[in-house]
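Accompanying notes for the structure given below.
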Amino acid sequence: MKLGFAVKVLGDGGLPSHDARRWQSQPHLRVSIERLGAIVDYLERHDLRMYRMSSDVVPYGSHPDLPQFHGQVEECAEELATLGERTRAAGIRLSVHPGQYAVLNSEHAEVRRAAATELELEAALLDAMGLGPEAVVVLHVGALAGGKEAAVERFLRSFEALGERARARLVIENDDARYGLGEVLALAGKTGLRVVWDAHHHACYDPDKIPAEEALRLALETWRRRDGIPKIHYSSPKTAAEESKRKVGRRVERRLVLPPLKAHADLIDPISFESFLRGPAAAAPDFDVMLEAKAKDLALRRLRDQLAKRGFGWSDGMLTGPAAPG
DNA sequence: CGATGTCAAGGAATC
DNA sequence: GATTCCTTGACATCG
């Protein structure tokens with residue numbers, strides 16, 4: 001089991017994830033590739049083998065009003081192939097996850113088109129890197145506008161209109177409020193898409209009341225042998241440990257602020273994660289875990305240390321089972 | 001240098 | 001139809 005983290009590197013003083021300059025400064029994928037190279041150095045240095053790239057690695061790469069930015073993947077074909085080969089050789093699993101603005105089932109045709117363009121771009125990026133089928137583009141089903149039935153229908157139509165490469169890279173994830181795992185699995189059945197189960201979202205929203213062990217099993221079953229190792233998302237909910245202070249007259253009042261249930265904590269709760277490993281995960285076939293925590297790579301490294309104290313092992317970027325007691 | 005505003009982008013609740 | 005929140009990070013600008 002590989003454990004991964006998303007986008008930002010906080011360790012070793014912090015590393016930039018992409019060329020984030022604004023369009024006026026002519027940012028370029030070439031710069032992002034150099035930064036990715038430094039991140040791969042970091043991953044190797046710390047024996048980490050799973051990473052989600054920023055959805056902005058290709059600056060303005062699908063912006064409708066900035067066509068001069070559209071050829072970047074092709075322009076960088078050579079550099080991408082080199083970087084891809086390097087990550088492949090290192091056993092590093094890569095993925096991307098478009099932001100909240102990519103809505104494939106929007107009511108607005110313009111928005112659907114933009115989402116499709118974004119998916120094509122990200123698929124082209126992974127293809128140019130020569131990555132295997134386990135390098136996926138993770139997307140939520142999207143909006144509810146117009147009613148769920150119509151929204152699902154729009155998703156299906158948009159999906160079918162995608163190019164072959166985008167369809168091949170796409171996987172769908174259950175979200176925390178609109179499309180629960182049951183619905184996502186039904187869509188997977190109709191499209192052949194693989195499913196990434198997000199355990200935290202599942203705890204937030206699961207109208208079908210699917211027990212965790214079954215949810216995990218069903219999601220993993222959407223991955224066929226030729227798709228590579230399946231993966232899931234895991235995070236811990238933010239707790240109300242933080243207090244806010246506000247002035248009341250001359251006095252300062254301390255108030256407990258409850259975060260929304262869906263908010264991610266800074267770290268992964270090692271006790272819950274261990275329960276997950278020993279419970280639902282124990283009976284499942286091999287899979288990888290993308291950790292979503294605000295402390296990013298530091299959360300992963302902390303969790304790894306904590307699991308080590310609980311008897312789990314780590315070798316070649318993989319979490320291994322607990323040593324036999326005694 | 002530190003503080004503040006802004007960014008390509010949507011959805012949904014609210015009025 | 002317009003406004004605001006959601007929620008994120010870092011560039012860009014200003015004092």
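In what follows, every chain begins at residue 1, and chains take the letters A, B, ... in the order their sequences are listed.
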N/O donor-acceptor pair under 3.5 Å between A:K231 side chain and A:V136 backbone: no
Watson-Crick/G-U partner (both atom distances under 3.5 Å) of B:dC15: C:dG1
Between P of C:dT7 and NE2 of A:H140, the distance in whole Å: 13 Å
Inter-nucleotide P distance (B:dT6, C:dT4), Å rounded: 14 Å
Whole angstrom value for the distance that separates P of C:dG9 from CZ of A:R35: 17 Å
Rounded interatomic separation in angstrom, taking CZ from A:R21 and P from C:dA10: 16 Å
Note: A:R157-A:E160 ion pair, threshold 4.0 Å (strictly below): no
Given B:dA8, B:dA12, C:dT7, the nucleotide with the shortest approach to the side chain of A:W23: B:dA8
Same-atom distance (P) from C:dA2 to B:dA8, integer angstrom: 22 Å
Short side-chain donor-acceptor distance under 3.5 Å, A:E173 and A:H97: yes
Rounded distance in Å - CG (A:D176) to C1' (B:dA12): 13 Å
Residues A:S54, A:K8; criterion side-chain hydrogen bond (donor to acceptor under 3.5 Å, both in side chains); working and verdict: CA-CA 8 Å; A:S54 165; A:K8 212 164 56 155; over 6 Å; no
Given B:dG10, B:dC7, B:dG11, the nucleotide with the shortest approach to the side chain of A:Q100: B:dG10
P gap between B:dA3 and C:dT7, integer Å: 25 Å
Under 3.5 Å side-chain donor-acceptor pair for A:D297 and A:H46: no
A:E107 CD to B:dG11 P, straight-line distance once rounded to whole Å: 8 Å
Gap between atoms OH and C1', on A:Y179 and B:dA12 respectively (whole Å): 13 Å
Any A:Y101 side-chain nitrogen or oxygen under 4.0 Å from OP1 or OP2 of B:dA8: no
Gap between atoms CG and P, on A:D56 and C:dT7 respectively (whole Å): 19 Å
Base-pairing mate for C:dA12 - Watson-Crick or G-U, with both contacts under 3.5 Å: B:dT4
Residue A:R178, side-chain heavy atoms: nucleotide from C:dA10, B:dA12, C:dT7 that is nearest: B:dA12
Sugar-phosphate only, base, or nothing, as touched by A:A20 at under 4.0 Å among non-hydrogen atoms: sugar-phosphate
Shortest side-chain distance from A:L144, nucleotide among B:dA8, B:dA12, C:dG9: B:dA12
Integer-rounded Å distance: B:dG10 C1' and A:N105 CG: 11 Å
Watson-Crick/G-U partner (both atom distances under 3.5 Å) of C:dT7: none
Side-chain N or O of A:K262 closer than 4.0 Å to phosphate OP1/OP2 of C:dT7: yes
Sugar-phosphate only, base, or nothing, as touched by A:S25 at under 4.0 Å among non-hydrogen atoms: sugar-phosphate
Phosphate-side-chain proximity, A:K294 and C:dT8, N/O vs OP1/OP2 below 4.0 Å: yes
Upstream residue (5' side of DNA chain C) when A:R22 and A:H264 are each assigned their closest nucleotide: A:H264
side-chain contact (heavy atoms from CB on, under 4.5 Å) partner of A:R169, the single match among A:V96, A:L162, A:L126: A:L126
